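The model shown is predicted, which means the values in this text are computed figures rather than measured ones. Throughout, protein chains are lettered first and strands after them, A, B, ... in sequence-line order, and every chain is numbered starting at 1.
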Number of protein chains: 2
Amino acid sequence: MEAAIPTAAQTVPPIERVNRIAVDAMGGDLGPAEVVAAAKLALSEFPDLSPVTLVGDEAIVRKHAAEAGIENHPKLSYFHASEVITMDDKPLVVLKKKKDASTIRAIELVKLGAARAVVSCANTGCLVGASIIKLRTLKGADRAALSAIIPRDGGHFVLIDAGANPEAKPEHLVHNAIMGSHFSRLEFGIEKPRVGLLTIGTEEGKGNALITQTHEALKRLGDLINYAGPVEGFQIFTNGGEHGQAIDVVVCDGFVGNICLKSWESLAKFFTTELKRNLMANPVRKLGALLAKGAFGELRERVKPERYGGAPLLGVKGVVVKAHGSANRQALKNAIFDASEMIKTDINQLIENDIARAQALIENAGEA
Amino acid sequence: MEAAIPTAAQTVPPIERVNRIAVDAMGGDLGPAEVVAAAKLALSEFPDLSPVTLVGDEAIVRKHAAEAGIENHPKLSYFHASEVITMDDKPLVVLKKKKDASTIRAIELVKLGAARAVVSCANTGCLVGASIIKLRTLKGADRAALSAIIPRDGGHFVLIDAGANPEAKPEHLVHNAIMGSHFSRLEFGIEKPRVGLLTIGTEEGKGNALITQTHEALKRLGDLINYAGPVEGFQIFTNGGEHGQAIDVVVCDGFVGNICLKSWESLAKFFTTELKRNLMANPVRKLGALLAKGAFGELRERVKPERYGGAPLLGVKGVVVKAHGSANRQALKNAIFDASEMIKTDINQLIENDIARAQALIENAGEA
């Protein structure tokens with residue numbers, strides 16, 4: 001079946017093999033104009049940015065680029081793709097029926113070495129599924145993990161896995177800890193991010209078999225990661241209390257992570273809806289709300305998911321950054337910058353090195 | 001070991017075998033006076049309430065009861081217990097070392113048939129652990145499940161299991177669906193509560209093996225429950241959209257449920273802390289906050305966990321209602337009333353009947 005899919009190699013004129021970012025110009029809620037605007041912002045704000053290839057309906061994309069005044073930007077190129085993945089598309093159907101979707105073409109550019117990163121707003125299932133199938137996993141890893149940046153009191157944490165691998169084994173959670181640490185370091189500049197294993201009781205032996213075994217493995221990693229031990233749900237949104245020992249990387253499987261992520265978004269929305277309803281209940285409150293307007297705006301900014309640039313899919317050969325479906329140009333700009341930084345630091349090589357070291361440490365400890 | 005524990009039978013004067021509620025008077029954050037106040041409220045507000053036995057340091061409890069003017073209330077009795085479970089106590093240690101803890105004695109009263117229900121603010125691990133070990137599970141069930149009432153847009157839902165059974169099999173989740181339906185019916189008067197299976201993608205076959213198998217089993221239950229199918233995290237805090245098809249019972253295993261419950265509490269707290277900080281940022285906002293004060297108070301009331309009376313531990317022989325550690329008299333009153341209603345409707349018999357019916361339906365479908 002794989003052989004029957006016309007690959008990008010057949011349809012594209014050769015591009016130089018560079019640290020290029022293939023940006024899926026279609027599929028976001030705000031349309032290609034917003035993606036083009038994001039590319040413009042990224043190219044002007046970050047002089048060292050990797051070159052960008054906009055993947056999508058070339059006529060439309062070029063039109064927006066011309067309007068934005070960047071059509072002939074020296075770091076910008078175009079790659080035509082005639083189809084678009086919608087929010088309702090299913091990964092396996094897309095791979096069979098929408099071979100010329102912009103998202104698929106962007107991934108294929110990475111597979112061919114014509115780009116090293118993909119940035120896309122396409123639906124998570126399709127982007128994750130197609131990336132794993134087409135790019136394959138890193139050496140030593142047999143699963144990928146989606147990471148997400150979540151705001152907490154006084155900062156942020158990285159949630160990993162937010163939904164790529166719903167049936168994790170202990171080694172997958174160990175890899176999540178390693179990958180999440182590298183992403184936290186890259187994104188927030190934290191030298192030794194504190195890693196917590198999300199569970200339901202922090203005593204040894206609590207949780208379930210997956211947690212117990214992962215905990216034992218993580219303890220063996222020495223200074224490979226900064227393992228803070230098991231953490232409970234009530235700890236993760238705090239700033240860590242008086243000692244400031246907040247958790248920077250929250251490790252879990254993709255089933256728990258995805259339910260958490262989506263239920264948090266749902267709860268935040270309920271919270272704001274309810275508050276708004278209460279504020280509109282009478283004229284005095286309405287006046288108060290008007291005076292305090294800035295406070296609500298800041299809160300909304302702080303917790304809204306599209307504010308955070310990208311959610312990288314880690315563990316695949318290539319850089320894949322998932323942007324929120326409703327990401328605006330600022331969020332997309334951040335996602336493009338993230339992808340560029342992940343290329344520059346060669347995060348995948350760092351991850352492969354650490355996975356190999358972890359494997360050796362765990363095996364040695366097992367023999368000792 | 002069991003034989004070595006002095007049981008309540010050895011220390012208590014015989015009590016009539018009635019539909020009595022053993023209320024653990026110790027162990028709440030607000031102390032025994034608050035529990036006594038809750039008993040007073042419950043006895044006066046609900047004329048049909050089952051009789052109440054206050055379990056704890058008898059001198060202290062009687063003193064508070066006298067001050068509250070209910071010491072000799074005809075429906076009130078006392079059972080002395082010299083020890084108290086703290087928030088840091090571990091279940092197995094308590095069972096060995098704190099045999100005269102009020103929580104343990106209250107559970108033993110149910111085991112002996114001297115009471116039919118326990119209400120306690122004691123730490124969840126100890127209450128759940130001791131209840132399962134001492135009371136054993138219902139016929140047909142080999143696990144218990146903790147249920148929690150969670151506010152959502154336009155109403156509430158029951159989350160089950162909120163943490164009793166972190167390694168669930170499909171039959172346990174089927175039992176959770178049955179038990180949660182009975183509790184939703186009792187608590188909210190919903191005739192046919194809509195049951196959703198919490199997962200990460202609502203297409204058939206998504207999620208993990210536990211979910212796929214549970215989904216197949218639930219589909220076989222016919223009208224035994226009102227199964228709405230798989231639900232994702234983003235759906236559960238909504239009012240169900242334009243058709244008002246909100247989910248009344250959210251079914252999951254105790255690992256996922258406990259992480260969700262605690263992270264939701266943590267997120268709500270972060271949200272309110274952040275909002276407060278924003279509102280205090282300048283004098284204009286402060287004035288606005290003052291005018292809109294009522295709106296914040298209502299929101300706090302709506303989402304604070306201690307507002308909801310009790311979280312019943314379902315699936316054990318006896319009624320066990322866990323109240324929040326910081327429950328005030330209103331919350332505790334509700335928990336006591338819940339226990340009384342669960343005795344009155346004989347919820348455990350209803351659950352046992354349905355578990356047997358479910359078993360037959362699933363087996364028949366397997367043979368067909």
Side-chain angles (χ1 to χ4, degrees), chain A residues 90 125 151-153 163 166-167 198-201 203 206-209 211 232-238 252-256 258-271 273-275 277-282 284-296 298-299 302-303, chain B residues 90 125 151-153 163 166-167 198-201 203 206-209 211 232-238 252-256 258-271 273-275 277-282 284-296 298-299 302-303:
Chain A
K90 305 279 171 276
R152 62 155 171 81
D153 190 8
E167 304 238 38
L198 187 58
T199 184
I200 65 164
E203 312 99 84
K206 277 276 284 187
N208 56 23
I211 295 301
E232 286 198 70
F234 71 84
Q235 299 172 274
I236 59 182
F237 288 99
T238 70
C252 60
D253 67 62
F255 186 78
V256 169
N258 191 262
I259 287 175
C260 279
L261 181 72
K262 293 197 172 165
S263 68
W264 295 340
E265 286 188 21
S266 183
L267 175 58
K269 202 171 170 185
F270 159 52
F271 209 100
T273 308
E274 191 81 9
L275 181 59
R277 200 180 286 143
N278 294 349
L279 287 168
M280 295 298 114
N282 67 49
V284 177
R285 288 185 186 178
K286 275 186 196 172
L287 176 61
L290 196 65
L291 293 173
K293 202 179 163 195
F296 306 119
E298 284 170 14
L299 183 65
R302 183 103 168 79
V303 301
Chain B
K90 304 280 171 277
R152 62 156 171 80
D153 190 8
E167 304 237 37
L198 187 58
T199 183
I200 65 163
E203 312 100 82
K206 278 274 285 186
N208 55 24
I211 294 301
E232 286 198 69
F234 70 83
Q235 299 172 273
I236 58 182
F237 287 99
T238 71
C252 60
D253 67 64
F255 186 79
V256 169
N258 191 263
I259 287 175
C260 279
L261 181 72
K262 292 195 174 168
S263 68
W264 296 338
E265 287 187 20
S266 182
L267 176 58
K269 202 170 169 186
F270 159 52
F271 209 101
T273 308
E274 191 80 7
L275 180 59
R277 201 180 285 143
N278 294 350
L279 287 168
M280 294 298 115
N282 67 49
V284 177
R285 289 185 186 176
K286 276 186 195 170
L287 176 61
L290 195 66
L291 293 173
K293 201 178 164 195
F296 306 119
E298 283 169 15
L299 182 65
R302 183 101 168 80
V303 301

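Nearest heavy atoms, Leu291(A) versus Gly288(B): CB-CA, 3.7 Å. Between Ala209(B) and Glu167(A), the shortest heavy-atom distance links the atoms N-OE2, 2.9 Å. Shortest non-hydrogen contact noted between Ile200(B) and Pro166(A) is CD1-CB, 3.7 Å. For the pair Ala289(B) and Ala292(A), the tightest heavy-atom approach, listed with the atom from each and the gap, is N-CB, 4.3 Å.
Side-chain contact between Val256(A) and Phe255(B): present, with at least one pair of heavy atoms (C-beta onward) separated by less than 4.5 Å. Put simply, the side chain of Leu299(B) reaches to within 4.5 Å of the side chain of Phe271(A), judged on heavy atoms. Using a 4.5 Å cut-off on side-chain heavy atoms (C-beta onward), Phe237(B) and Glu274(A) make no contact. Arg285(A) has its side chain within reach of Glu298(B): a pair of non-hydrogen atoms, C-beta onward, lies under 4.5 Å apart. By the 4.5 Å heavy-atom criterion applied to side chains, Trp264(B) and Ser263(A) are counted as neighbours.
Neither the backbone nor the side chain of Leu290(B) comes within contact range of chain A; no heavy atom of the residue lies under 4.5 Å from a heavy atom of that chain. Only the backbone of Arg152(A) comes within contact range of chain B, with at least one heavy atom under 4.5 Å from a heavy atom of that chain. Residue contact with chain B, scored on non-hydrogen atoms closer than 4.5 Å, is absent for Ala281(A).
Going from atom CG of Leu267(A) over to atom CG of Leu267(B) covers 5.0 Å, rounded to the nearest 0.5 Å. Remark: Thr199(A) OG1 to Ile259(B) CD1 distance equals 6.0 Å, nearest 0.5 Å.
Contact count versus chain B (heavy atoms, under 4.5 Å) is highest, among Leu275(A), Leu261(A), Ile236(A), for Leu275(A). The residue among Asp253(A), Leu279(A), Leu287(A) with the most heavy atom pairs within less than 4.5 Å of chain B is Leu279(A).
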Exercise. Could you walk me through whether Asn278(B) and Arg302(A) pass the side-chain contact (heavy atoms from CB on, under 4.5 Å) check?
Worked result: CA-CA 11 Å; Asn278(B) 294 350; Arg302(A) 183 103 168 79; over 6 Å; no
